[in-house]
Amino acid sequence: MEIHEEKRLEHPLSKEELDKRPKIEYKPYAKYSYSAGQAITKFLEGLKEGKIYGRKCRKCGRVYVPPRMYCEDCFRPTDEWIEVKDEGIVMTAVASFISWTRERLESPEIVGVIRLFPSSDRDFVYPALFHRICCSYEEVKDMSIMGRKVKAIWKSKEKREGSINDIDCFKVI
Amino acid sequence: MRPNIYYSKRVGILGSGLTLFRSKMLETPQELAFIAARRALDEAGLELKDIDCVVIGSAPDAFDGVHMKGEYLAHGSGGIRKMVSRVYVGGATGVMVPISGWYHVASGLCEKVLVVAEEKMSGDLPHPQAIFRYIWDPITEKPLNPNLIWIFAMEMHRYMKKYGIKKEDIALVSVKNKRNAINNPYAQLPGQITVDDVMNSEVLVWPVQRLDISPTSDGAAAMVLASEDVTRRYTDTPVWIEGVGWTLDNTSWPGRDLFYPRYLENAAKMAYRMAGIERPNKEIDVVEPYDPFDYKELHHLEGLQIAGRGQAPFLLKEGFFDLDGDIPSSPSGGLLGVGNPIAAAGLMKTISIYWQLKGIAGKMQVKRPVKTGVAQAWGDLMQASTVIVMRN
């Protein structure tokens with residue numbers, strides 16, 4: 001096989017050239033019925049009631065949110081359900097100007113990680129949710145939203161369906 | 001964990017091969033693997049019949065658009081009728097491939113191993129970004145329509161907030177690596193850029209901008225590893241693999257503080273213990289930390305114990321990690337400068353350290369004499385790290 005690399009200092013094909021070529025288009029028919037399992041089923045049922053449930057390991061005291069039926073550190077079943085607060089601290093927040101397919105968004109979508117109470121700022125692992133945050137782009141850009149206390153804004157009861165989207169976003173209180 | 005340091009065979013490196021790293025390469029994935037593998041064999045002075053086993057590395061199947069990529073790449077990688085395995089730990093795969101090759105030899109199972117890593121990302125339309133959708137938790141994360149850059153931006157912002165680091169200081173990594181890549185004949189995105197160029201580039205997910213990220217690329221890399229007696233038969237200037245380490249953290253990334261990669265600390269300490277390194281910041285001469293994003297290089301230099309926590313940006317600013325600095329970092333130009341065909345990029349980093357220790361890095365050769373080098377890769381949901389220590 002000949003190797004033509006030397007000639008190719010730029011990209012072998014420009015986007016325009018590529019667009020002119022025939023492409024194989026195929027949308028995979030890949031639908032899944034994911035099993036929620038015991039822990040996430042209870043978690044989703046909790047969201048429907050406006051509650052956030054976690055699972056606690058009594059041996060090491062770690063609280064899992066989203067819940068897990070076993071403790072990964074002690075490698076034994078977790079012991080009890082506990083309800084954590086729908087309030088917490090913004091650990092990190094970002095403003096996305098692109099969609100999941102990398103299309104440009106006009107107004108940014110703001111998401112981040114919320115460390116839920118009870119927990120302390122000395123913890124390296126903690127109960128937490130990844131979710132949207134209702135705040136301005138400026139508050140993300142100057143980092144002022146990070147470290148703030150936020151609370152979940154729930155959808156109205158009749159609109160909740162047992163999904164992570166039953167929470168609209170987390171907002172500063 | 002205490003690794004068994006009484007392994008059976010010492011492992012040396014006999015040769016390396018790379019393809020160009022480019023977007024939209026005309027070759028198939030198998031042809032890319034073939035070019036890299038053939039070059040590695042040529043450099044080693046071996047033929048395929050001399051090779052006992054083959055280790056293939058490739059990131060998610062979905063990038064190349066074919067399933068069972070290990071099997072698919074096997075004939076291009078010289079694997080037909082041989083012991084072949086494919087390893088996969090997300091972005092950390094690239095360094096896991098030589099690690100896996102190492103234990104094939106160190107255990108005494110094989111004498112000569114060909115390791116090959118390949119990725120072809122630019123064929124995914126409209127953008128490989130959509131492929132990453134399936135790495136998220138299907139029930140608690142995917143309904144929020146995340147894209148991959150979110151998670152990096154979240155980690156970067158947490159790191160910046162924790163230590164009060166400015167974006168301008170992080171952008172210096174991109175400037176350094178693209179500058180280093182000018183010396184690398186395989187590089188896709190070399191160039192002299194400034195911090196202002198980075199700061200003025202398109203905002204993707206604040207704080208991540210266009211020039212904070214490595215490009216999507218196609219490419220392949222390969223290496224030949226051999227036991228000590230074979231290595232000494234073929235070369236007078238051997239380079240040895242002296243330590244390996246790798247660990248995986250959980251997928252529950254929101255429940256972990258993202259400012260510090262504890263999984264990398266574990267992997268690095270495992271590799272250092274095996275190599276007998278007690279003070280990494282004094283004993284390591286050159287390093288290739290994984291840099292798909294500019295902040296990641298700094299984050300990893302801290303995880304590798306080369307810089308103190310939160311100190312990497314300050315050392316960078318002082319020129320500590322420049323080609324003529326105390327510990328040159330990413331002399332190849334890294335993923336930011338050379339390109340990021342995921343698995344091949346990690347193996348490229350390992351090869352870069354091999355070049356440095358062998359003294360064949362050409363214009364990339366760092367100024368100070370080098371004895372010990374470290375390459376590292378990282379991947380998955382802020383989870384995996386692989387570390388390899390080499391000496392000449």
Side-chain angles (χ1 to χ4, degrees), chain A residues 1 3-5 8-15 17-18 23-25 30 32 34 36-37 40 43-44 64-66 68 72 91-104 108-109 111-115 123-132 137 140-141 143 146-147 163-165, chain B residues 19-20 22-27 31 34-35 38-39 65 122 125-130 132-134 136-161 188 202-208 218 250 252-260 262:
Chain A
M1 189 166 79
I3 297 166
H4 296 285
E5 287 187 353
R8 227 194 280 142
L9 290 171
E10 297 303 316
H11 295 319
L13 278 179
S14 70
K15 193 177 178 305
E17 283 173 312
L18 185 70
K23 287 188 212 67
I24 296 169
E25 291 218 11
Y32 298 92
Y34 289 110
I40 298 296
F43 175 68
L44 296 175
Y64 288 89
V65 173
R68 213 152 337 132
E72 64 183 28
M91 296 302 285
T92 182
V94 300
S96 178
F97 287 88
I98 53 173
S99 72
W100 69 274
T101 54
R102 210 213 173 281
E103 273 151 55
R104 195 83 200 148
E109 191 171 4
V111 292
V113 172
I114 300 96
R115 168 168 60 80
D123 296 343
F124 193 84
V125 290
Y126 34 70
L129 282 182
F130 158 52
H131 221 292
R132 290 178 288 269
Y137 177 40
V140 176
K141 216 172 165 178
M143 296 201 232
M146 288 190 267
S163 147
I164 192 74
N165 280 321
Chain B
T19 66
L20 289 180
R22 290 290 183 276
S23 183
K24 304 184 187 70
M25 289 284 264
L26 303 178
E27 286 81 4
E31 288 167 349
F34 169 76
I35 295 170
R38 187 63 251 176
R39 286 180 174 176
S122 66
L125 303 176
H127 196 274
Q129 194 52 247
F132 286 113
R133 188 173 168 82
Y134 287 85
W136 302 87
D137 185 281
I139 297 169
T140 60
E141 292 170 0
K142 208 155 58 175
L144 300 170
N145 281 324
N147 71 52
L148 189 73
I149 301 173
W150 285 14
I151 190 171
F152 298 104
M154 282 188 257
E155 189 178 63
M156 178 171 175
H157 229 185
R158 174 71 189 135
Y159 177 60
M160 287 164 68
K161 173 78 177 177
Q188 178 179 348
E202 181 193 4
V203 177
L204 299 174
V205 182
W206 183 262
V208 172
D218 306 346
N250 60 31
S252 317
W253 59 274
R256 274 187 273 133
D257 205 331
L258 294 174
F259 77 92
Y260 185 69
R262 62 174 184 182

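So you know, we letter chains A, B, ... as the sequences are listed, proteins then strands, and number each from 1.
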A side-chain contact here means heavy atoms from C-beta on lying under 4.5 Å apart; do [X] and [Y] qualify?
X	Y	value
A:Arg132	A:Asn165	yes
B:Pro207	A:Val94	yes
A:Val111	B:Leu144	no
B:Phe259	B:Lys161	no

Of the backbone (N, CA, C, O) and the side chain (C-beta and beyond), which part of [X] lies under 4.5 Å from a heavy atom of chain B, both, or neither?
X	value
A:Glu109	side chain
A:Pro66	side chain
A:Ala36	both
A:Ile98	both
A:Arg68	side chain
A:Ile24	neither

Quick one: of [options], who has the most non-hydrogen atom pairs under 4.5 Å with chain B?
options	answer
A:Arg115, A:Met146, A:Glu103	A:Met146
A:His131, A:Lys141, A:Lys23	A:Lys141
A:Ser163, A:Pro108, A:Pro127, A:Ser99	A:Ser99
A:Phe124, A:Phe97, A:Tyr137	A:Phe124

Taking the six-membered ring for Trp, are the ring centroids of A:Tyr64 and A:Phe43 within less than 6.0 Å of each other?
-> no

Toward chain A, the part of [X] with a non-hydrogen atom under 4.5 Å:
X	result
B:Tyr134	side chain
B:Tyr260	both
B:Ile149	side chain

Between B:Glu141 and B:Trp253, do the side chains contain an N or O donor and an N or O acceptor separated by less than 3.5 Å?
-> yes

B:Glu155 meets the side chain to side chain donor-acceptor pair (under 3.5 Å) criterion, sequence neighbours left out, with B:Tyr295, B:Lys296

Got more than 12 heavy atoms from elsewhere within 6.0 Å of OH, A:Tyr34?
-> yes

Should the ring pair B:Trp150 and A:Phe130 be called parallel, tilted or perpendicular, given that the plane angle runs from 0 to 90° and is split at 30 and 60?
-> perpendicular

Which of the residues B:Met154, B:Arg158, B:Arg262 is involved in the greatest number of heavy-atom pairs with chain A at under 4.5 angstrom?
-> B:Met154

